[in-house]
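Keep in mind the model is a prediction, meaning the values are calculated, not measured.
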Amino acid sequence: MTIIGLTGDGKKIAHLIASGPTSYPTGGFTITVAELEKIDGLVLSIRSNLKVSNLVHAVDYSYSRNTITVTLYRIDVTAAAPSAWAELPSGTDVSSLVLEIVAIGT
């Protein structure tokens, strides 16, 4: 994590590259932005997605104080209709997932 600047009103702009865990926990995994006490806003983008045959993945996130919770979902695009999004199973290795985060806060 690096502080890359300040906003006009003095808030910090932090930049972070993070990877997913080797064992995904039910409910998502957390990333702490140690340089901030409170996140006021952030942009999260995927630099390297999970690549698994027949599956498409989606990333959802929320934040509280200086912690981001990332929840991962998947859908089997070859399954018979109707298909439904489901959270990744607990224990799935998602270490190939690379996220880029820009957070603004105090």
Side-chain angles (χ1 to χ4, degrees):
M1 163 89 60
T2 304
I3 299 297
I4 58 174
L6 297 174
T7 63
D9 60 356
K11 293 183 180 179
K12 298 175 187 175
I13 304 170
H15 179 255
L16 169 69
I17 303 295
S19 296
T22 56
S23 182
Y24 179 81
T26 299
F29 63 95
T30 60
I31 301 167
T32 300
V33 182
E35 285 75 8
L36 301 178
E37 291 180 24
K38 181 179 181 290
I39 298 170
D40 294 318
L42 67 88
V43 176
L44 182 145
S45 61
I46 300 168
R47 291 186 73 178
S48 177
N49 208 338
L50 301 169
K51 296 174 180 77
V52 181
S53 297
N54 303 334
L55 298 176
V56 174
H57 294 86
V59 175
D60 191 16
Y61 66 91
S62 61
Y63 56 90
S64 177
R65 300 294 309 156
N66 68 339
T67 301
I68 304 162
T69 301
V70 179
T71 309
L72 303 176
Y73 298 90
R74 70 181 184 184
I75 191 168
D76 185 341
V77 295
T78 62
S83 297
W85 288 97
E87 185 176 3
L88 257 65
S90 180
T92 302
D93 181 354
V94 294
S95 59
S96 64
L97 176 68
V98 179
L99 304 171
E100 183 169 14
I101 300 162
V102 177
I104 297 173
T106 53

**Q** Taking salt bridge (charged side-chain N to carboxylate O under 4.0 Å, His left out) as the definition, give me every residue that meets it alongside Asp76, ordered by chain and number, with sequence neighbours left out.
**A**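 Partners of Asp76 under the salt bridge (charged side-chain N to carboxylate O under 4.0 Å, His left out) test: none.
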
**Q** Applying side-chain contact (heavy atoms from CB on, under 4.5 Å), name anything that partners Ile104, two or more places apart in sequence or on another chain.
**A**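 Here the qualifying residues are Thr7, Lys11, Ile13.
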
**Q** Applying side-chain contact (heavy atoms from CB on, under 4.5 Å), can you list everything that pairs with Val43, at least two apart in sequence or on another chain?
**A**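 None.
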
**Q** Would you list the atom pairs, donor with acceptor, under 3.5 Å between side chains in residues 88-95 and any protein atom, with sequence neighbours excluded?
**A**
residue, atom, partner, partner atom, Å
Thr92, OG1, Pro89, O, 2.7
Asp93, OD1, Ser95, N, 2.9
Asp93, OD1, Ser95, OG, 2.7

**Q** Check for me, please, whether Ile75 and Leu72 land in the same ILVMFWY cluster - side-chain distances under 4.5 Å, paths through other members count.
**A**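 No, Ile75 and Leu72 fall in different hydrophobic clusters.
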
**Q** Measuring only between side-chain heavy atoms, which start at C-beta, is Val70 closer than 4.5 Å to Leu44?
**A**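 Side-chain contact under 4.5 Å: yes.
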
**Q** side-chain hydrogen bond (donor to acceptor under 3.5 Å, both in side chains) with Tyr63: which residues, sequence neighbours excluded?
**A**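 Scan of Tyr63 (side-chain hydrogen bond (donor to acceptor under 3.5 Å, both in side chains), adjacent residues dropped) gives none.
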
**Q** Kindly write out the residues that satisfy salt bridge (charged side-chain N to carboxylate O under 4.0 Å, His left out) with Glu37, not counting sequence neighbours, or none if the list is empty.
**A**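 If we apply the salt bridge (charged side-chain N to carboxylate O under 4.0 Å, His left out) test to Glu37, skipping adjacent residues, there are no hits.
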
**Q** Between the side chain of Glu87 and the main-chain N/O of Gly27, is any donor-acceptor distance below 3.5 Å?
**A**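 The answer is yes, because a donor-acceptor pair under 3.5 Å joins these two groups.
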
**Q** Please say yes or no: joined through hydrophobic side-chain contacts below 4.5 Å, possibly via intermediate residues, are Leu50 and Trp85 part of one cluster?
**A**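 No, it is not one cluster - the side chains of Leu50 and Trp85 are not joined through contacts under 4.5 Å.
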
**Q** So which pairs with a foot in residues 18-34 pass salt bridge (charged side-chain N to carboxylate O under 4.0 Å, His left out), sequence neighbours left out?
**A**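 Listed by first then second residue: nothing to list.
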
**Q** Between Leu99 and Tyr61, does the side chain to side chain contact (heavy atoms under 4.5 Å, CB included) criterion hold? Intermediate values first, please.
**A** CA-CA 11 Å; Leu99 304 171; Tyr61 66 91; over 6 Å; no

**Q** Kindly write out the residues that satisfy side-chain contact (heavy atoms from CB on, under 4.5 Å) with Leu6, not counting sequence neighbours, or none if the list is empty.
**A**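 Leu6 satisfies side-chain contact (heavy atoms from CB on, under 4.5 Å) with Lys12 once adjacent residues are dropped.
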
**Q** Tell me every residue that passes salt bridge (charged side-chain N to carboxylate O under 4.0 Å, His left out) with Arg47, counting only those two or more places apart in sequence or in another chain.
**A**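 For Arg47, the residues satisfying salt bridge (charged side-chain N to carboxylate O under 4.0 Å, His left out) (neighbours in sequence not counted) are Glu100.
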
**Q** Check whether any side-chain N or O of Ser48 sits under 3.5 Å from a backbone N or O of Ser96 as a donor-acceptor pair, and report yes or no.
**A**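 Present.
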
**Q** Show me the pairs that pass salt bridge (charged side-chain N to carboxylate O under 4.0 Å, His left out) and involve residues 19-34, at least two apart or across chains.
**A**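 Non-adjacent pairs meeting salt bridge (charged side-chain N to carboxylate O under 4.0 Å, His left out): zero.
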
**Q** According to side-chain hydrogen bond (donor to acceptor under 3.5 Å, both in side chains), does anything in residues 65-74 pair up with another residue at least two apart or in another chain? List the pairs.
**A**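 side-chain hydrogen bond (donor to acceptor under 3.5 Å, both in side chains) check on residues 65-74 returns no pairs.
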
**Q** Give, for atom OG of Ser45 and atom CD1 of Ile17, the distance between the pair rounded to the nearest 0.5 Å.
**A**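 Taking OG in Ser45 and CD1 in Ile17, the distance rounds to 7.5 Å.
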
**Q** How long is the straight-line distance from CZ of Phe29 back to OG of Ser19, given to the nearest 0.5 Å?
**A**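 Between atom OG of Ser19 and atom CZ of Phe29 there are 8.5 Å.
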
**Q** In Å and rounded to the nearest 0.5 Å, what is the CD1 to CG distance from Ile68 to Leu16?
**A**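 Interatomic distance, Ile68 CD1 to Leu16 CG, rounded to 0.5 Å: 7.0 Å.
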
**Q** Evaluate the criterion side chain to side chain contact (heavy atoms under 4.5 Å, CB included) for residue pair Val98 and Ile46; output intermediate values, then yes/no.
**A** CA-CA 6 Å; Val98 179; Ile46 300 168; over 6 Å; no

**Q** List the atom of Gly105, the atom of Asp40, and the distance in Å for their closest heavy-atom pair.
**A**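 That would be CA-OD2, 3.5 Å.
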
